[in-house]
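Notes follow once the structure below has been shown.
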Amino acid sequence: MSSTDTGNAAGAAGPGEPADEDTPASRETRDAREIGEAGAQLSTAPVETVMPGSFGGARTPGAKGWIAWTAREVTGWARWIWRQLTSMRVALILLFLLSLGAIPGSLIPQSGTDAQKVQAFKDAHSWLGPVYDRLGLFHVYSSVWFSAIYILLFVSLIGCIVPRTWQFVGQLRGRPPGAPKRLTRLPAYTTWRTAAEPEQVREIALKVLRQKRFRAHLDKDAVAAEKGYLRETGNLLFHIALIVMLVAFAWGQLFKSEGDKLVVEGDGFSNTLLSYDDFKSGNLFSTDDLTPFSFRLDKFTGTYERTGPNKGTPRTYQAALTYSEGAYGKDRKTLVKVNEPLVIGDTKVYLTAHGYAPTVTVRDGRGKVVFHDAVAMLPQDGNVTSVGAIKVMDGYKSARGRTEQLGFSAVFVPTFAGAGKGTMFSQFPALDYPVLALNGYHGSLGVDAGLPQNVYQLDTSHMKQFKDAKGQILKARLLPGETMTLPDGAGSITFDKNIKEWANFQVTQQPGSVWALAGAFTAIFGLAGSLFIQRRRVWVRATTGDDGVTVVEMAGLGRSESAKLPEELGDLAALVHEHAPTKPDEDAAPTDADAETPVPAAEGSKKQ
């Protein structure tokens, strides 16, 4: 492979340049400048600037001089700070800080999610609790410091994307820069001599480069081409996707709502604020944003593994619903399963828990039914050992005609081990041998005070336990259909055979989740494009040498040194060489007519 210089000598003086400046130092400077121009705008990343000393420069005496100097200083520092904020380095630092800031939000109880856990943490940590509270660690995502990082990252990305986008659009509308005078200085280079005319070689090179999807054009005695614009497109898409994700996250947090509702078989739910057992929402959420719909739990079906190491593991876990959209929507049937929610607009209804609701009937001493309902029990273990409270708040009178309230603490097991075979712990989650254990109280439940109570617990501070004729605490284990009689004609409580099941549903409404997901996928593809696509430029120069033979030079330049660039240049040179083969030297010995003319290899490639 030869490295013949073309007729456009690098040392020739340009227009307006004195000939006596053609020195090695000036040629080096000129070559460096030309290579810099050839590689200009291979990236739209802003130029990093170092910490300046002063922007004000020399200060003239007097008040005007001080004002002018101060204005230059303030303006200069403001521009420098803006450049730093919109640099990629600072954006990555802010993104890293945002990730670090989200860690305490996952490890420390949050007041917006579970206020009771936050209060329990404060009670258990008398010194650490106030410190966390002052640092905003109990409400990380709405704290001042997290919001500051979030806003700075948003501003940084916007300030980084806008100028780079305009610069990239300008590059797309423009053309690749012309070839440097000395292509031999570029990292990938090859040359050969051919009998084809220079114009013919340039036309061949232009056609080959365009077939390889290069943006190419003729520039004087050379063809300039460029490829790999998708790298910068991927880079911009990545940053835009980050902004979309930030906006979607903020939108979802501000307008989200999340509530829980326990529904017993046969009962229904309407998506209104008063229907929820527990509800929390974003700062800008309004009750008018609730999606209008309702549903009824027709039946819950749960089957479980009977044998093996996974005994008791659910095999079927689904809720059959009848739902309708809007106030006058038609009834529709659906099945809600774990991770298969009911989707209505922006609202999703998830199945999150399951339990049993034994039906009980309470009568007073005269046999009048004062309570008849299915009472939901709260599961305590994987076999659905459940506890709860039965509260008779109205309509009951004792044998003496005194108005009282009744309360029963209850333990329910769907599968009892049997009499004398242990305490009240379920052996299996299915209804194989249901038993209901009861303790009875009478007096005041404390509900008239207007204070909220736990529906699964009794407040017995103003109540007395029923006792039998022997003075022992009255308690009983009932099978379906059995009755526990209260002493002194106080009435009875019956465990009915109709045992219902309940399901807990989480109703979530978080707008922007689709945009966040789309932004995440776009960011992944954009990052992959910016990492694996190389932006590079190729020049093909064809000129007539001193001996009248055409000299072909090809060179390539990329954003960074890469072993693939010389290989690609060698492949392109082979395609051009097919139509403009090497002209054999006249003084060379004759060769076999069938011998192939060797293709010149690019410097730095693996071809020999």
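Reckoned from all heavy atoms, side chains included, excluding hydrogens, waters and symmetry mates.
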Can you confirm whether Lys122 is buried at NZ, in the sense that more than 12 heavy atoms of other residues, nucleotides or ligands lie under 6.0 Å from that atom? yes
Gln506 and Glu258, any side-chain heavy atoms less than 4.5 Å apart: yes
With a sphere of 6.0 Å drawn around CD1 of Ile473, does it hold more than 12 non-hydrogen atoms of other residues, nucleotides or ligands? no
Is the backbone of Ser270 close enough, under 3.5 Å, to the side chain of Ser275 for a donor and an acceptor to pair up by distance? yes
Using modelled atom types and a 3.5 Å cut-off, is there a donor and acceptor pairing between side-chain atoms of Asp468 and backbone atoms of Lys470? yes
Heavy-atom donor-acceptor pair, Thr359 side chain to Lys500 backbone, under 3.5 Å: no
For the residue pair Phe269 and Phe505, is the inter-centroid distance of their aromatic rings smaller than 6.0 Å? no
Thr352 (side chain) donor-acceptor with Asn504 (main chain) under 3.5 angstrom: yes
Tell me if a side-chain donor or acceptor on Arg363 pairs with a main-chain N or O of Ser492 at a distance below 3.5 Å. no
I'd like to know whether CG of Asp298 has more than 12 heavy-atom contacts from other residues, nucleotides or ligands below 6.0 angstrom. yes
Is Asp267 salt-bridged to Lys261, going by a charged N under 4.0 Å from an acidic O? no
Looking at CG of Leu335 and NZ of Lys299, how far apart are the two atoms once the value is rounded to the nearest 0.5 Å? 12.0 Å
Can you tell which of Val435, Thr385, Leu436 makes a side-chain contact (heavy atoms from CB on, under 4.5 Å) with Met424? Val435
Salt bridge (Lys or Arg N to Asp or Glu O under 4.0 Å) between Asp364 and Arg366, worked out: CA-CA 5 Å; Asp364 61 12; Arg366 294 173 295 176; 3.8 Å; yes
Pair Phe416 and Phe425, ring centroids less than 6.0 Å apart: no
